Amino acid sequence: MRQFPHDFLWGVATSAFQIEGATNTDGRGESIWDRFAATPGKIADGTDGSVACDHYNRWRDDVELMRWLGIKSYRFSIAWPRIFPAGRGKVNQAGLDFYSRLVDGLLTAGIEPMVTLYHWDLPQALDDKGGWTARDTVSAFVEYADEVSQVLGDRVSKWITHNEPWCISFLGYGNGEHAPGHKNWGEMLAAAHHVLLSHGQAVSVIRANVKKAEVGITLNLVPAQPASPSAEDQDACRAFDGSFNRWYLDPIYGRGYPQDVIADHVAAGRIPSEKLDFVKPGDLEAMAAPTDFLGVNYYSRGIIRSDRIPESQNAPRTVHAEAEKTDMDWEVYAGGLKDLLVRLHQDYKPQRIYITENGAAYATGPDADGRVRDTKRVHYLRTHLEASLEAIQQGVPLAGYFAWSLMDNFEWAYGYQKRFGLVFVDYATQKRIPKDSAHLYRAVVARNGLDVELAA
Ligand code: FCB
């Protein structure tokens, strides 16, 4: 019997900017993603988030969809510029009311809310003052966390401070693919530091406001393997794991920043010296505030090849990507999820882990009969749920799984071309059509296990 623990938390995940639309409604302020999407060339299909899935107006229908799916929990994010249109200072009551109604609607439907405070839509007013590179943004975030947890804390117990600090800092300030679109290693490291510091400081504030608070952070993690056993590939793999995974995990779990990665940055001339000026006394302790869970977003693994020596001088590749790739060009590799969970359990011992995102982009739309036969997503979902179950059987304290995503949505710099939803969205009409993967997920949730068949 391939059954999950009886209290396993089945859910789906979304984020505010990707689904809400209504960017000028009810006093919402501008966010860095409004500004970024309005800048020509930044979004692949030239779209923006002004309408998205129109969830701001259709949230009741979307809650009905979730009720139909049978999920126990919904992970969504709060748009900071709806609460503080200018980043800090004056609260916008209408923004708070929207999330308050949503939370009530979820609870009435028997669905437990899980709130992410920051899923990338920083108020533009804060970016004007340096965004995450500015230390002041840390206290602005803590004020925001305080306000939201005071208002929703009587009904919401599960809180995620940040979604994916690597994306916030690397994509936002390192390679510039995401808002605010900067390209500077020093800024990237400072941004990462301030994000992690604001996480640590917010933990105690949320706990003070919420009686039975469960607080954590969500990291996107990529288990890596060297492409060959060569010393160069092994070192490249260490460096990748260091900058992608350990740079965030180590400080959260009280180990400070990994010295080997700092040395890599200096050696590569990305920063002038090993002294990280933005680290102030007490910061590392604050970042290591004990959490109740670790949120893990898993999509694929990394197969790491060194670029320090010419390809011809390197050992032949022994690890190859499996043939199947999603529309993101990400390899479908469920084994990586199990390996990652086991490693996290062994190396960092989080009290509990939730998979807060996992999913696949495939553009499959409705057939002539209206049904969306997203066979590849069904396969992705099944294999990754099997990997999750194996991890549980190996002793990993995995307490829940949130599919990314409830429905197709605005996939950041890709616009609407990449479809991750269990539910298809026809953007012209806003009609939602549950895909085959939604039917599969519904059956898995109802059974609390994997012995389910889909109608042909
Ligand atoms: C993650 C993001 C989420 C979505 C998925 C595909 O990095 O957290 O918003 O874009 O990737």
Side-chain angles (χ1 to χ4, degrees), residues 11-21 31-33 36-37 42-45 47-49 52-53 55 74-80 114-122 132 160-175 177-179 191-192 195 199 216-223 244-245 248 294-302 325-333 336-337 340 354-363 374 376-377 380-381 384 401-423 425 435 437:
V12 294
T14 64
S15 88
F17 192 76
Q18 293 178 276
I19 63 166
E20 286 179 358
S31 83
I32 55 173
W33 272 94
F36 192 71
K42 299 295 187 194
I43 310 297
D45 59 2
T47 56
D48 60 34
C53 307
H55 171 80
Y74 173 46
R75 172 182 180 236
F76 62 97
S77 81
I78 311 265
W80 185 346
M114 177 187 266
V115 164
T116 305
L117 285 165
Y118 188 72
H119 202 126
W120 308 355
D121 42 0
L122 187 73
W132 285 111
I160 292 169
T161 52
H162 286 285
N163 179 70
E164 304 189 345
W166 179 87
C167 289
I168 301 169
S169 47
F170 183 78
L171 300 178
Y173 298 87
N175 78 357
E177 281 178 18
H178 280 184
V195 167
H199 151 76
I217 185 169
T218 281
L219 304 180
N220 54 315
L221 299 168
V222 173
F244 205 106
N245 302 318
Y248 303 91
L294 176 65
V296 173
N297 291 355
Y298 174 81
Y299 289 92
S300 192
R301 72 169 158 181
K325 302 246 176 93
T326 69
D327 287 355
M328 301 295 279
D329 214 26
W330 296 344
E331 180 195 9
V332 176
Y333 186 68
L337 176 57
L340 172 65
Y354 293 110
I355 295 170
T356 43
E357 285 181 29
N358 175 239
Y362 291 111
D374 59 338
K376 290 181 171 176
R377 184 175 292 96
Y380 187 98
L381 193 59
H384 287 74
Y401 175 97
F402 292 72
W404 184 270
S405 179
L406 167 63
M407 57 189 160
D408 297 335
N409 57 49
F410 179 75
E411 180 48 37
W412 308 110
Y414 294 94
Y416 295 94
Q417 293 165 350
K418 308 292 182 205
R419 292 178 175 268
F420 275 92
L422 298 179
V423 173
V425 176
K435 303 176 188 178
S437 55

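Please read these numbers as outputs of a predicted model, since none were measured by experiment. Note that ligands are numbered from 1 as they come in the structure, with each ligand's atoms numbered from 1 the same way.
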Inset, instruction - Output all residues satisfying side-chain contact (heavy atoms from CB on, under 4.5 Å) with K376, sequence neighbours left out; order by chain, then residue number. - result: E324, Y362
Legend entry - Y380 versus N358, side-chain donor and acceptor atoms under 3.5 Å: yes
Inset, instruction - With rounding to the nearest 0.5 Å, note down the distance linking CD1 in I168 to OH in Y173. - result: 9.0 Å
Inset, instruction - Verify the ring-centre separation between F410 and Y416: is it less than 6.0 angstrom? - result: yes
Quick check on ligand 1: any N or O pairs to the protein under 3.5 Å? One line per pair.
unit_1, atom_1, unit_2, atom_2, d
ligand 1, 7 (O), E164, OE1, 2.5
ligand 1, 7 (O), E164, OE2, 3.0
ligand 1, 8 (O), H119, NE2, 3.3
ligand 1, 8 (O), N163, ND2, 2.9
ligand 1, 8 (O), E164, OE1, 3.3
ligand 1, 8 (O), E164, OE2, 3.3
ligand 1, 8 (O), E357, OE1, 3.1
ligand 1, 8 (O), E357, OE2, 2.9
ligand 1, 9 (O), Q18, OE1, 2.7
ligand 1, 9 (O), H119, NE2, 2.8
ligand 1, 9 (O), W412, NE1, 3.0
ligand 1, 10 (O), Q18, NE2, 3.4
ligand 1, 10 (O), E411, OE1, 2.8
ligand 1, 10 (O), E411, OE2, 3.1
ligand 1, 10 (O), W412, NE1, 3.0

Inset, instruction - Answer with yes or no whether the side chains of N297 and T218 bring together a donor and an acceptor at under 3.5 Å. - result: no
Legend entry - Donor-acceptor pair between Y248 and E164 side chains, under 3.5 angstrom: no
